[in-house]
Amino acid sequence: MHAMNERVLENRVAVVTGASRGLGRAIACALANAGADMILLARDLSRLEQTAREIERRGRKVLIQPCDVRSEADVTRAAEQVRSTFGAVHILVNSAGVNIRKPLEAFTLEEWHHVMDTNLTGVFLVCRAFLPLMRGHGYGRILNLTSIMSHVALPGRTAYAASKTGLLGFTRALALELAGEGITVNGISPGPVATEMNRPLLENPDVQREFTSRIPLGRWGREEEIAALAVYLCSPDAGWITGTDISIDGGWTAQ
Ligand code: NAP
């Protein structure tokens, strides 16, 4: 067993989508702490640069690439850039995601597509583009940010829950496809963490309290707790874990 502070990801190259903020940024920094060189993808260039500066301070190589995961052309361009800069990729973390919370009949088709295209089709496009760079090294890790909404539901979450439940199925099927190649594929299903995605909940103290009351451990999760789980799942020690999804939710889905 490796101690968690050891550089278990030395000589590994990791791609993180949604690395401009929130869980993606926290995971990227934690993977870099564990020794990985990093490729950071998202749309907001200036925030990607902020994440990159944090990683450079850790002495790791970092490439930033503005990329909308809904765009096949953007994703293809990003993979091409990574191929010419790094050649190989060992770790891919799909953290880019959006949530639109409203009753079904209030959804426009455009909003529905926005959620599905980002959370589900985006992961398809990114995995398809980067897999050729991940094959043939005998070591690969794909992590998808699923959600408690992959397992349970709330009203107002039809699009989000559909996308995240779909992502869980995608995760299992891809794990089986890649099992013979030493590439594991898993989900991380966090409960609520205070990121920008949850600003609408955090802005309303009643809603925030209501959410907290649903969590048996009595508090929201922390970005660094999710990031530590990601580092473990990307490490050699997690080599026999594939096709599953780890809940990290203060007990929410145990109820
Ligand atoms: P966040 O703070 O809102 O960050 C979302 C990230 O996704 C940003 O970096 C954003 O970057 C990126 N993104 C959104 N649309 C994109 C697109 N079309 N192309 C490329 N990047 C895009 O959210 P978070 O809380 O970190 O969530 C990260 C992941 O965890 C999501 O998949 C979310 O569903 C999942 N999750 C979060 C929670 C939670 O409580 N926070 C719980 C369960 C699951 P740009 O805007 O710069 O493109």
Side-chain angles (χ1 to χ4, degrees), residues 15-30 39-52 54 64-79 92-101 110-111 113-126 129 143-154 157 159-168 170-171 187-202 207-208 211-212 214-215 219-227 229-230 245-250 252-253:
V15 176
V16 178
T17 75
S20 56
R21 59 175 196 263
L23 300 183
R25 178 181 57 195
I27 290 169
C29 290
I39 296 109
L40 312 175
L41 309 182
R43 294 164 302 178
D44 185 329
L45 181 58
S46 68
R47 296 185 85 165
L48 280 177
E49 282 167 350
Q50 286 172 25
T51 311
E54 284 185 42
I64 54 177
Q65 184 68 35
C67 172
D68 186 329
V69 296
R70 296 168 298 174
S71 157
E72 187 175 19
D74 275 18
V75 172
T76 305
R77 197 175 313 118
L92 169 59
V93 180
N94 289 295
S95 190
V98 291
N99 194 353
I100 299 176
R101 305 165 178 90
E110 196 184 18
E111 288 168 331
H113 280 310
H114 182 58
V115 176
M116 299 303 285
D117 290 353
T118 309
N119 296 1
L120 189 52
T121 310
V123 179
F124 156 71
L125 288 173
V126 171
L143 289 185
N144 296 326
L145 270 291
T146 44
S147 167
I148 49 174
M149 293 299 128
S150 302
H151 303 277
V152 295
L154 284 174
R157 306 301 197 282
Y160 188 74
S163 71
K164 293 295 183 179
T165 307
L167 184 57
L168 179 55
F170 174 94
T171 300
I188 291 181
S189 280
V193 181
T195 63
E196 278 183 37
M197 176 171 282
N198 288 326
R199 194 188 289 157
L201 311 178
L202 294 162
V207 175
Q208 193 183 340
F211 261 70
T212 309
R214 290 171 178 270
I215 304 170
R219 64 166 176 85
W220 287 41
R222 300 184 184 110
E223 289 180 6
E224 59 271 22
E225 291 172 323
I226 314 302
L229 176 59
D245 182 89
I246 315 279
S247 293
I248 173 163
D249 62 7
W252 182 307
T253 54

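Start at 1 and go down the list; that is how both ligands and their atoms are numbered.
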For atom 48 (O) of ligand 1, the closest protein heavy atom turns out to be Arg43 NE, 2.6 Å

for atom 3 (O) of ligand 1, nearest protein heavy atom and its distance come out as Arg21 NH2, 3.2 Å

Is there a donor-acceptor pair under 3.5 Å between the side chain of Asp249 and the backbone N or O of Thr253? yes

Contact region, Lys164 to ligand 1, non-hydrogen atoms below 4.0 Å, reads side chain

- Got a sec: does the CD of Glu110 have more than 12 other heavy atoms crowding it under 6.0 Å? no

dist Ile188:CD1 -> Ser150:OG (nearest 0.5 Å) comes out at 12.0 Å

Sub-3.5 Å donor-acceptor pair from the side chain of Lys164 to the main-chain atoms of Leu145, do we have one? yes

Atom 37 (C) of ligand 1 has as its nearest protein heavy atom Leu23 CD1, 3.7 Å

**Residues Ser189 and Asp245: side-chain donor-acceptor under 3.5 angstrom** = yes

Sequence neighbours excluded, the answer for side-chain hydrogen bond (donor to acceptor under 3.5 Å, both in side chains) partners of Arg219 is Glu225

Quick look: Cys67 vs ligand 1, heavy-atom contacts under 4.0 Å, and the answer is backbone

protein heavy-atom neighbour closest to atom 13 (N) of ligand 1 works out as Ala96 CB, 3.8 Å

query = Is there a heavy atom in Ser71 that sits closer than 4.0 Å to ligand 1?
reply = no

The answer for which part of Thr118 has a heavy atom under 4.0 Å from ligand 1 is side chain

Check: of Ser95, Gly191, Gly97, min heavy-atom distance to atom 29 (C) of ligand 1 comes from Ser95

Among non-hydrogen protein atoms, atom 25 (O) of ligand 1 lies closest to Thr195 OG1, 2.5 Å

Is the backbone of Ala162 close enough, under 3.5 Å, to the side chain of Thr165 for a donor and an acceptor to pair up by distance? no

Worksheet item: What do you reckon, does Ser147 have a nitrogen or oxygen under 3.5 Å from a nitrogen or oxygen of ligand 1?
Response: no

When distances are taken from atom 19 (N) of ligand 1, the protein heavy atom at minimum range is Val69 N, 2.9 Å

| query | Do any N or O atoms from the side chain of Asn198 and from the backbone of Leu201 form a donor-acceptor pair under 3.5 angstrom? | reply | no

Restricting to heavy atoms, the pick from Leu167, Thr146, Ile188 nearest atom 44 (C) of ligand 1 would be Thr146

Return yes or no for this condition: an N or O of Val193 is under 3.5 Å from an N or O of ligand 1.
yes

In this structure, OH of Tyr160 is separated from CG of Leu167 (nearest 0.5 Å) by 9.5 Å

Sorted by chain and residue number, the side-chain contact (heavy atoms from CB on, under 4.5 Å) partners of Arg43 (sequence neighbours excluded) come out as Asp68, Arg70

Honestly, for Asn198 the part within reach of ligand 1 (heavy atoms, under 4.0 Å) is side chain

closest protein heavy atom to atom 11 (O) of ligand 1 is Ser20 OG, 2.9 Å

**Prompt:** Does Trp220 have a non-hydrogen atom less than 4.0 Å from ligand 1?
**Reply:** no

Counting only N and O atoms by type, is there a donor-acceptor contact under 3.5 Å from the side chain of Asn94 to the main-chain atoms of Val126? no

Next on the checklist: I'd like to check whether Gly18 has a polar contact with ligand 1, where a contact means an N/O of the residue lying under 3.5 Å from an N/O of the ligand.
Outcome noted: yes

Any donor-acceptor N or O pair under 3.5 Å, side chains Thr76, Asp74:
no

*Compute the minimum heavy-atom distance from Asn99 to ligand 1 and say whether it is under 4.0 Å.*
no

**Report entry** Heavy-atom gap Arg47 to ligand 1 smaller than 4.0 Å
**Finding:** no

Among non-hydrogen protein atoms, atom 36 (N) of ligand 1 lies closest to Tyr160 OH, 3.6 Å

